[in-house]
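Have a look at the structure below before the remarks.
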There are 2 protein chains.
Amino acid sequence: MTESLSPERMTAWRAYIEASQRLFTQLEDDLRADSELTFADYHVLVLLSEAPGQRLRMGELASRLVFSPSRLTYQISSMQKRGLVARQSCPEDRRGSEAVLTAAGLLALREAAPHHLRSVRTHLMDDLDDAEVACLTRVFERLGRRLRADRDASSTPADK
Amino acid sequence: MTESLSPERMTAWRAYIEASQRLFTQLEDDLRADSELTFADYHVLVLLSEAPGQRLRMGELASRLVFSPSRLTYQISSMQKRGLVARQSCPEDRRGSEAVLTAAGLLALREAAPHHLRSVRTHLMDDLDDAEVACLTRVFERLGRRLRADRDASSTPADK
DNA sequence: ACCGCTTCGTTCAAATTCCAAGGGCATCTG
DNA sequence: CAGATGCCCTTGGAATTTGAACGAAGCGGT
């Protein structure tokens with residue numbers, strides 16, 4: 001299987017995959033342990049809390065979370081049932097709707113944040129020095145930009 | 001939400017999460033586009049192809065894939081139906097069973113590998129210089145070791 | 001050999017996720 | 001302003017994943 005990737009890069013690739021998988025499940029477990037939130041729930045709350053008016057269009061939210069549309073619908077419905085967000089139809093474009101952070105949602109986020117951030121620190125960040133953090137930022141911001149661009153390009157057939 | 005993570009680290013964290021999510025879904029899509037395999041299928045085939053006797057215990061496989069036991073059962077059953085692997089009960093420990101790579105499974109892997117590796121290169125590796133690869137390897141191998149250790153520790157109450 | 005007690009993998013129901021349609025509106029063209 | 005077209009989100013049903021409970025062995029002490 002060394003068909004076209006140098007051994008060094010293969011090693012990097014495998015380490016990245018496995019560790020990331022472990023990290024995500026670990027954070028998910030931690031979060032569930034000391035709050036009533038999922039990682040997805042938490043992420044939604046963070047994004048909404050930072051948005052102007054603490055509200056976001058469904059599509060925008062889906063794109064940032066890297067969720068399929070139907071998955072986001074389900075996710076928001078679930079959070080709505082628990083009172084963490086509300087749904088409002090969008091004033092400018094009546095086709096769409098937006099998710100709005102509720103007081104309960106903000107409270108839940110404020111309660112969960114310290115635990116979650118501690119989790120991120122102990123499992124990941126505390127082991128990294130500044131140079132490593134800088135490297136990760138550079139690599140993954142570039143990667144993110146690139147993948148976003150690729151996706152936009154493929155959804156827009158972009159005639160010549 | 002800057003409760004306990006420096007802005008630099010928060011940025012790194014977010015970039016890492018989003019880009020990883022995008023990368024995984026992109027690779028999954030690519031793989032499905034030019035083979036009949038899932039990312040999980042592919043990963044199983046790789047691990048089996050490298051194992052002595054091209055066979056692995058279910059538990060071992062689950063641990064390496066970071067899959068829950070029931071998820072692995074489902075995964076292997078699905079691959080078994082498609083003829084990619086076979087299931088055999090383990091000789092030494094009759095409680096357990098092992099997954100064995102079939103000829104068809106090996107063939108499927110050989111066909112899919114070039115496509116998948118190209119995908120990994122174009123989406124990720126081609127953009128990285130050697131220093132970045134080295135950094136990723138160092139960071140994620142350390143992280144993986146740490147998380148594996150944490151998990152083992154928590155499953156084994158490990159009295160003093 | 002006989003109990004507990006643990007481990008290995010599976011199973012079943014419930015929760016989650018995806019994909020293909022569908023419904024409602026906006027926008028564009030004539 | 002009707003009709004055509006496209007976008008935004010939701011639905012419905014199938015596929016996947018999870019978590020708890022189970023059956024079948026191993027394991028150690030008696």
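Small disclaimer: the values here were computed from a predicted structure and weren't measured. Chain letters run A, B, ... following the sequence lines, proteins first, then strands; residues in each count from 1.
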For B/F24, check side chain to side chain contact (heavy atoms under 4.5 Å, CB included) against everything at least two apart and list the hits. A/Y16, A/I17, A/S20, A/F24, B/S20
Single-linkage hydrophobic cluster B/V66~B/M79, side-chain heavy atoms < 4.5 angstrom: no
Among all residues two or more places apart in sequence or in another chain, which pass the salt bridge (Lys or Arg N to Asp or Glu O under 4.0 Å) test with A/D29? none
Sequence neighbours left out, what passes side chain to side chain contact (heavy atoms under 4.5 Å, CB included) with B/S70? Give chain and number order. B/S68
For residues 59-78 of chain A, which residue pairs qualify under salt bridge (charged side-chain N to carboxylate O under 4.0 Å, His left out), counting only residues two or more places apart or in two chains? A/E60-A/R64
By side chain to side chain contact (heavy atoms under 4.5 Å, CB included), A/E36 pairs with (sequence neighbours left out) none
Please identify each residue that fulfils salt bridge (Lys or Arg N to Asp or Glu O under 4.0 Å) with B/E141, with sequence neighbours left out. none
What pairs meet the ring pair (Phe, Tyr, Trp, His ring centres under 6.0 Å) rule with one or both residues in residues 116-139 of chain A, with sequence neighbours excluded? A/F39-A/H116, A/Y42-A/H116
Identify, with sequence neighbours excluded, every residue that meets side chain to side chain contact (heavy atoms under 4.5 Å, CB included) alongside A/R146. A/D150, B/D127
At a 4.0 Å cut-off to heavy atoms of chain B, the contacted part of DNA chain C spans C/dT7 to C/dT11
Provide a list of protein-nucleic acid N or O atom pairs under 3.5 angstrom, restricted to nucleotides 12-18 of chain D.
residue: D/dT16; atom: OP2; partner: B/Y74; partner atom: OH; Å: 2.5
residue: D/dT17; atom: OP1; partner: B/R71; partner atom: NH2; Å: 3.0
residue: D/dT18; atom: OP2; partner: B/S68; partner atom: OG; Å: 3.1

Using a 6.0 Å cut-off, check whether atom CZ of B/R94 has over 12 heavy atoms from anything other than its own residue. no
Within residues 21-30 of chain A, find the residues that approach DNA chain D with a heavy atom at under 4.0 Å, and present them sorted by residue number. none
Describe the nucleic acid contact of B/S97 in one word from base, sugar-phosphate, nothing, applying a heavy-atom distance below 4.0 Å. sugar-phosphate
Listing time: all N or O pairs from protein to nucleotides 5-7 of chain D that are below 3.5 Å?
residue: D/dG6; atom: N2; partner: A/R95; partner atom: NH1; Å: 3.4
residue: D/dC7; atom: O4'; partner: A/R95; partner atom: NH1; Å: 3.4
residue: D/dC7; atom: O2; partner: A/R95; partner atom: NH1; Å: 3.1

